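Each remark here refers to the structure printed beneath this line.
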Amino acid sequence: MEKVLKEITPKSSDFSQWYVDVIRKSDLVDYAPMKGFMVMKPYSYRIWEFIQEQMDRRFKETGHQNAYFPLLIPEHLLAQEAEHIEGFSAEVAWVTMGGNEQLPERLAVRPTSETIIGAMYAQWIHSYRDLPVLINQWANVLRWEKSTRPFIRTTEFLWQEGHTVHRTADEALAETLQQLEIYREVIEDYLAVPVIAGVKSAGERFAGAVDTYTLEALMGDGRALQSATSHFLGQHFSKAFDIQFLDEDGELKYGWTSSWGSSTRLIGAVIMVHGDDKGLRLPPKIAPIQVVIVPIGRGAEREAVVAHARELESALSPVCRVKLDARDEFTPGYKFNDWEMRGVPLRVEIGPKDMAKQQVVIARRDTSEKISVPEEQIGVAVTRLLDEVQKELFRQAAAYREAHTFSIVNYQQMEENGYRGFFRGDWCGSEECAAHLKSETGMTIRCLPFNETPVADQCIVCGQTTRYRALFARAY
RNA sequence: CGGGGCGUAGCGCAGCUUGGUAGCGCGCCUGCUUUGGGAGCAGGAUGUCGUAGGUUCGAAUCCUAUCGCCCCGACCA
């Protein structure tokens with residue numbers, strides 16, 4: 001334990017340093033030779049693949065298809081929707097040279113693809129029979145952020161962005177909310193991260209959207225992370241890009257569009273929600289390795305133990321993602337710490353004592369609990385325990401969130417809890433109050449949660465009577 | 001863009017004040033002994049001291065310039 005503390009800064013003493021230590025030590029990422037960029041090593045990319053699988057399956061089940069649009073967007077297209085370009089101009093990277101030639105028009109490296117996709121949709125859509133268009137793309141985007149942090153905010157990141165066009169506003173809004181629900185399901189059921197769903201206030205809305213819906217999660221340091229967003233774009237983009245169709249009634253109408261996205265940021269949420277002083281704690285459903293087998297044995301015993309461990313590996317491989325750690329250059333103690341740092345949910349220990357009793361020891365990463373299990377029950381036990389760990393991680397995260405959610409009647413009360421956590425309070429709806437709060441305390445409106453009950457019916461900033469229920473937090 | 005910190009072996013750092021043959025720990029390689037919570041001993045390999053100028057008989061060290069990275073803030077998925 002002392003050595004662990006030497007390598008990983010305790011979560012409670014410096015959360016930022018803890019986060020950086022964990023991602024480096026657990027072999028998730030490496031820093032790239034350019035500021036703000038990171039290399040996703042195989043261990044973290046595998047987690048991303050699990051997230052992709054779950055999202056992608058649900059997108060397809062709800063009628064979406066994948067496509068791919070260009071990385072570069074000509075300036076005139078990016079600038080076509082006024083609010084959109086205003087929102088993104090400060091963080092766009094530009095390509096100005098092609099080989100040795102100056103380009104006639106500079107090209108933006110996409111910060112998001114509404115514009116180029118909108119321009120294409122305008123050419124594809126002519127009739128109500130062409131609708132809806134339900135397309136998603138898995139891609140990388142670039143946003144020249146001033147301040148970066150691995151997974152949470154990097155200059156380049158991987159994501160999926162869905163872009164849809166509908167015949168009516170109702171249909172587009174239903175799509176927007178349906179996709180938000182898909183995100184909620186994957187994030188809560190697979191990443192074991194509890195989220196609060198709601199709509200963004202005007203000041204926090206996506207550039208060019210009518211409404212932005214969001215899922216907000218609470219990290220281990222009491223700050224909020226916007227985990228996925230789904231935008232109802234109304235007719236802003238269809239008017240800007242001339243996405244029109246001839247309706248059944250013979251009238252030419254503008255389409256109603258939506259866009260929705262989730263990114264590799266989700267991996268950051270998993271780390272910051274579940275991690276502890278020993279390192280990562282991965283939910284079994286997205287853990288690249290769910291069970292690690294550590295053989296224990298000295299001298300002549302070793303060979304027999306390792307051979308036996310291989311049999312266990314074969315027995316377990318049909319029911320879980322299992323790895324045998326037969327490295328003989330490390331002691332068991334080292335391996336225990338090593339795999340705990342990497343967040344593997346279950347560890348199976350097998351040594352001479354266990355072999356004699358025809359049992360194994362199974363250790364849980366989430367609770368540190370160790371139990372002995374008869375060998376013939378190992379498959380059943382592992383299956384059950386993986387399920388329990390998955391649930392326990394969610395339960396712990398939800399309990400943490402509950403313990404750090406406070407109802408307040410004025411914003412000064414935030415100070416009592418060190419501005420850490422979710423604060424439920426009412427808000428008059430004015431951007432002046434939101435701006436005042438932010439400059440005074442750094443707190444922002446994360447969303448107006450669905451089905452929220454009022455606290456005092458009075459704005460926590462100005463005290464005026466109001467009907468808006470808001471969720472406040474310091475955001476990443 | 002503001003504030004702070006740092007560039008010396010794969011990683012973490014000392015050395016710089018007061019210039020004089022490049023060091024420590026971990027890791028790595030070899031061998032032997034070890035293995036139920038980060039093993040021990042012995043031997044070994046690894047450096048344009050971020051870069052470019054300058055001062056000097058001599059620069060990791062002093063001077064000038066420059067590049068880069070990290071953290072905190074403002075901005076943001």
Side-chain angles (χ1 to χ4, degrees), chain A residues 1-9 14-17 19-21 24-25 30-38 87-92 111-112 140-161 183 200 203-207 212 214-217 224-231 259-269 278-279 294-302 305-306 325-341 347-355 360-361 363 368 370 372 438-439 442 444 474-476:
Chain A
M1 194 61 194
E2 281 172 30
K3 271 213 167 177
V4 176
L5 295 179
K6 278 181 200 162
E7 294 187 30
I8 300 179
T9 304
D14 183 346
F15 193 85
S16 290
Q17 193 56 50
Y19 180 79
V20 172
D21 287 349
R24 299 285 315 263
K25 301 286 181 191
D30 202 354
Y31 286 107
M34 310 85 75
K35 177 184 167 57
F37 289 80
M38 67 170 180
F88 279 105
S89 61
E91 48 189 280
V92 172
T112 179
N140 57 341
V141 289
L142 210 69
R143 297 183 187 177
W144 217 263
E145 303 286 358
K146 305 255 195 295
S147 164
T148 59
R149 164 185 291 238
F151 293 118
I152 300 306
R153 179 168 301 100
T154 45
T155 304
E156 179 187 19
F157 58 94
L158 301 184
W159 76 344
Q160 58 69 218
E161 47 179 327
Y183 291 143
K200 285 286 184 189
E204 299 279 335
R205 200 178 274 156
F206 176 74
T212 288
T214 180
L215 299 176
E216 298 289 326
L225 186 74
Q226 179 173 306
S227 302
T229 49
S230 188
H231 315 291
S259 70
W260 24 276
S262 64
S263 73
T264 41
R265 164 179 271 196
L266 288 172
I267 298 171
K278 291 181 181 178
V294 178
I296 301 157
R298 70 175 87 173
E301 287 169 331
R302 189 187 140 72
V305 170
V306 170
D325 185 356
R327 294 176 293 178
D328 66 355
E329 67 270 33
F330 295 115
T331 61
Y334 179 93
K335 292 177 185 176
F336 294 171
N337 287 290
D338 197 37
W339 294 110
E340 280 166 1
M341 187 144 64
R347 177 179 72 242
V348 171
E349 303 172 14
I350 176 79
K353 287 185 246 169
D354 305 302
M355 278 178 70
V360 296
V361 171
S368 300
K370 280 191 183 188
S372 292
K438 189 172 183 182
S439 65
T444 55
R474 201 174 146 217
Y476 268 103

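For clarity, every value in this text was computed on a predicted model and none was experimentally measured. Sequence lines set the chain letters: A, B, ... in the order given, protein chains first and strands last, and positions in each chain run from 1.
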Quiz item: Expressed in whole Å, how much space separates the C1' atoms belonging to rG68(B) and rU51(B)?
Solution: 10 Å
Quiz item: How far, in whole Å, is rG50(B) from rG3(B) if one measures between their C1' atoms?
Solution: 23 Å
Quiz item: Expressed in angstrom and rounded to an integer, what is the separation of Glu216(A) atom CD from rA77(B) atom C1'?
Solution: 11 Å
Practice problem: Please name all residues satisfying salt bridge (Lys or Arg N to Asp or Glu O under 4.0 Å) with Arg298(A), sequence neighbours left out, ordered by chain then number. | Solution: none
Quiz item: Name the one of Thr148(A), Leu142(A), Thr264(A) that satisfies side-chain contact (heavy atoms from CB on, under 4.5 Å) with Glu156(A)?
Solution: Leu142(A)
Distances under 3.5 Å between nitrogen or oxygen atoms of protein and nucleotides 31-36 of chain B:
from    : atom 1 : to        : atom 2 : distance (Å)
rU35(B) : OP1    : Arg298(A) : NE     : 3.2
rU35(B) : OP1    : Arg298(A) : NH1    : 2.8
rU35(B) : OP1    : Arg298(A) : NH2    : 3.1
rU35(B) : OP2    : Arg298(A) : NE     : 3.1
rG36(B) : O6     : Gly351(A) : O      : 3.4
rG36(B) : O6     : Pro352(A) : N      : 3.3
rG36(B) : O6     : Lys353(A) : N      : 2.8
rG36(B) : O6     : Asp354(A) : N      : 3.3
rG36(B) : O6     : Asp354(A) : OD2    : 3.2
rG36(B) : N1     : Asp354(A) : OD2    : 2.4
rG36(B) : N2     : Glu349(A) : OE1    : 3.1
rG36(B) : N2     : Asp354(A) : OD2    : 3.2

Quiz item: Whole Å only: how far is the NE2 atom of His231(A) from the C1' atom of rA77(B)?
Solution: 8 Å
Quiz item: Do the side chain of Tyr19(A) and the main chain of Pro150(A) share a donor and acceptor less than 3.5 angstrom apart?
Solution: yes
Quiz item: If the C1' atom of rU56(B) is compared with that of rG19(B), how far apart are they to the nearest Å?
Solution: 9 Å
Practice problem: Could I get the full list of salt bridge (Lys or Arg N to Asp or Glu O under 4.0 Å) partners for Glu204(A), not counting sequence neighbours? | Solution: Arg446(A)
Quiz item: Sub-3.5 Å donor-acceptor pair from the side chain of Thr212(A) to the main-chain atoms of Phe206(A), do we have one?
Solution: yes
Quiz prompt | Listed partners of Phe37(A) passing ring pair (Phe, Tyr, Trp, His ring centres under 6.0 Å), at least two apart | solution = none
Quiz item: Is there a donor-acceptor pair closer than 3.5 Å between any side-chain N or O of Lys335(A) and the backbone N or O of Arg327(A)?
Solution: yes
Quiz item: When we call it a touch if two heavy atoms are under 4.0 Å apart, what does Thr154(A) touch: a base, just sugar-phosphate, or nothing?
Solution: base
Self-check item: Pairwise 5' ranking along RNA chain B for Glu204(A) and Glu340(A), keeping only the more 5' one
Solution: Glu340(A)
Exercise. Find which nucleotide of RNA chain B each of Asp338(A) and Trp159(A) is nearest to by heavy atoms, and output the residue with the more 5' nucleotide.
Key: Asp338(A)
Anything under 3.5 Å between a protein N or O and an N or O of nucleotides 68-75 of chain B, put it in a table, one pair a line.
from    : atom 1 : to        : atom 2 : distance (Å)
rC69(B) : OP1    : Lys35(A)  : N      : 2.4
rC72(B) : OP1    : Ser16(A)  : OG     : 2.6
rC72(B) : OP1    : Arg149(A) : NH2    : 2.9
rG73(B) : OP1    : Arg474(A) : NH2    : 2.3
rC75(B) : OP1    : Lys438(A) : NZ     : 3.3
rC75(B) : OP2    : Lys438(A) : NZ     : 3.1

Exercise. For nucleotides rG5(B) and rC13(B), find the distance between their C1' atoms and express it as a whole number of Å.
Key: 15 Å
Practice problem: Rounded to whole angstrom, note down the P distance from rG47(B) over to rC1(B). | Solution: 37 Å
Please list, for nucleotides 42-47 of chain B, all pairs of protein and nucleotide N/O atoms separated by less than 3.5 Å.
none

Quiz item: If you draw the axis of the six-membered ring of Tyr476(A), does the NZ or CZ of Arg149(A) fall within 45° of it and under 6.0 Å from the ring centre?
Solution: no
Quiz item: Can Lys353(A) and Glu301(A) be counted as an ion pair, charged N to O under 4.0 angstrom?
Solution: no
Quiz prompt | Atom C1', compared across rU34(B) and rC71(B): separation rounded to whole Å | solution = 42 Å
Practice problem: Validate the cation-pi geometry between Arg265(A) and Phe157(A): distance from NZ or CZ to the six-membered ring centre under 6.0 Å, angle to the ring axis within 45°. | Solution: no
Quiz item: Reckon Ile152(A) touches a base, only the sugar-phosphate, or nothing at all at heavy-atom distances under 4.0 Å?
Solution: base
Quiz item: Given the rule in the side chain to side chain donor-acceptor pair (under 3.5 Å) test, do Thr155(A) and Glu145(A) qualify, once you have shown the distances and angles that lead to the verdict?
Solution: CA-CA 6 Å; Thr155(A) 304; Glu145(A) 303 286 358; over 6 Å; no
